[in-house]
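Shown next, in structure tokens, is the structure this report addresses.
Order of the sequence lines sets the chain letters (A, B, ...), proteins ahead of strands, with each chain counted from 1.
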2 protein chains.
Amino acid sequence: MSKRSATVSPLEAHLGYWLRFVSNQVSHSFSVKLAGRGMSVAEWVMMRELYECDAMAPSALAERIGMTRGGVSKLADRLAVKGMLTRTASAEDRRYQAVALTAKGRAILPKLAALADQNDAEFFAHLKAVERDKIADVMRDIVRRHGLKAVPVD
Amino acid sequence: MSKRSATVSPLEAHLGYWLRFVSNQVSHSFSVKLAGRGMSVAEWVMMRELYECDAMAPSALAERIGMTRGGVSKLADRLAVKGMLTRTASAEDRRYQAVALTAKGRAILPKLAALADQNDAEFFAHLKAVERDKIADVMRDIVRRHGLKAVPVD
DNA sequence: TATTGTTATACTCTATAACTATA
DNA sequence: TATAGTTATAGAGTATAACAATA
């Protein structure tokens, strides 16, 4: 064994390397599917978040999906132009906005969710349920251990 | 159960979601460590690749690390400015270049590799070796099944 | 004509901070 | 003054394609 390989471990020795390798490909494959419907992954994440509630403030969205307020602002702009969401200033405190999906946005979301399901299945459906659960458990545990904040770019 | 949750599965139901969540944090944590030495993750990847050989053509590098030739060109520019690598036109075919680490680049690389080791340990050292191996095996298998190309942003 | 590497353009996402309007 | 949202700037990364030099 040369001194070179003894002092510098190969990239492939890191679990993080393999996670990112697969994760990047899963995300890229999903982004290709979304592009077929004119959507980006970031747009999907924001819409998915809004789907769970009636309305949300941009700052709350930023917190939930791990983006800056500036990023949320630009993203919301794009989605508003596409007719996917609306922004309404609060009556009580006009600094606040209520961001909400439009009927169009709410109608299209299940179709995007189906793409997400399909994409996940393409990469992981061949695994036994026990294996999938085990890996997800490990990942959840790591998130918990590190107190990680949301960066959901499914 | 509402119709809403019945038709749209939650993000957390996807294994891809958890992989990306953890993978993003591992990479971000590594990028912070590298920034302490004035390096980016992409720069680390390119240098790590060059460490394995004496010299490599930019086009070969692009293929190996999953970047475009344009991207490699810009990245190599930055690393050359930092004195980490040199570019030499081939004598036989002057279209070709030999990109190689400088002594400085080769000297600093083990220190960057140590950061990579440390970073991976921070996230995965608590796992049993069997668990780590199992997960890495699953990821390698997925890479093999999909014939995936390199996107090593460890 | 085909190929290598470079450069230019455009777009996404990030981070930081200045700016506005409201309170 | 503090906060919510917007806008501007700069940076790294991607993709595409035009380009020069070389074969």
Can you tell me whether the side chain of A:R69 and the base of D:dG5 have a donor-acceptor pair closer than 3.5 Å?
yes

Can you check the A:D77 CG to D:dG5 C1' distance for me, whole Å?
11 Å

Can you find a donor-acceptor N/O pair under 3.5 angstrom joining the side chain of A:R95 to the base of D:dT3?
yes

I'd like to know if A:E43 pairs up with A:R48 as an ion pair, taking the criterion as any Lys NZ or Arg NE/NH1/NH2 lying under 4.0 Å from an Asp or Glu carboxylate oxygen.
no

How long is the line joining NZ of B:K74 and P of D:dT14, in whole Å?
9 Å

How long is the line joining CD1 of B:I65 and C1' of D:dG13, in whole Å?
12 Å

Quick one: A:N24 CG to D:dG13 C1', roughly how many Å, whole number?
12 Å

From CG of B:L75 over to P of D:dG11, roughly how many Å is that when rounded to an integer?
16 Å

On DNA chain D, more 5' by nearest nucleotide between A:H28 and A:A57 is A:A57

As a test of reading the structure: which of D:dG5, C:dT7, D:dG13 is closest to the side chain of B:A42, going by heavy atoms?
D:dG13

Among C:dC13, D:dT14, D:dA23, the one nearest any side-chain atom of A:S40 is C:dC13

Nearest listed nucleotide, side chain of A:R87, among D:dT6, D:dG13, D:dG5:
D:dT6

Should the pair B:W18 and B:F21 be assigned to parallel (<30°), tilted (30 to 60°) or perpendicular (>60°) ring geometry?
parallel

Got more than 12 heavy atoms from elsewhere within 6.0 Å of NE2, B:H126?
yes

Checking the side chain of A:S90 only, and the main-chain atoms of A:Q97 only, is there a donor and an acceptor separated by less than 3.5 Å?
no

Nearest to the side chain of B:D93 - D:dT16, D:dA23, C:dA15?
D:dA23

Mind telling me whether A:F30 and A:W44 have parallel, tilted or perpendicular rings, with 30° and 60° as the class edges?
perpendicular

Which listed nucleotide (C:dT4, C:dA23, D:dG13) is nearest to the side chain of A:R94?
C:dA23

Selected nucleotide, minimal atom distance to B:Q97 side chain, candidates D:dT7, C:dG5, D:dG13
C:dG5

From the candidates C:dT7, D:dG5, D:dG13, the one with an atom nearest any side-chain atom of B:S73 is C:dT7

Atom pair distance, as rounded to whole Å: CZ in B:R78 and C1' in C:dT6
16 Å

Pick base, sugar-phosphate or nothing for A:E92, based on heavy-atom distances below 4.0 Å to the nucleic acid.
sugar-phosphate

Calculate the interatomic distance between A:Y96 atom OH and D:dA2 atom P; express it in whole Å.
15 Å

For D:dG5 and A:S59 - does any side-chain N or O of the residue sit under 4.0 Å from the phosphate oxygens OP1/OP2?
yes

Separation of A:L61 atom CG from D:dG5 atom C1', in whole Å?
13 Å

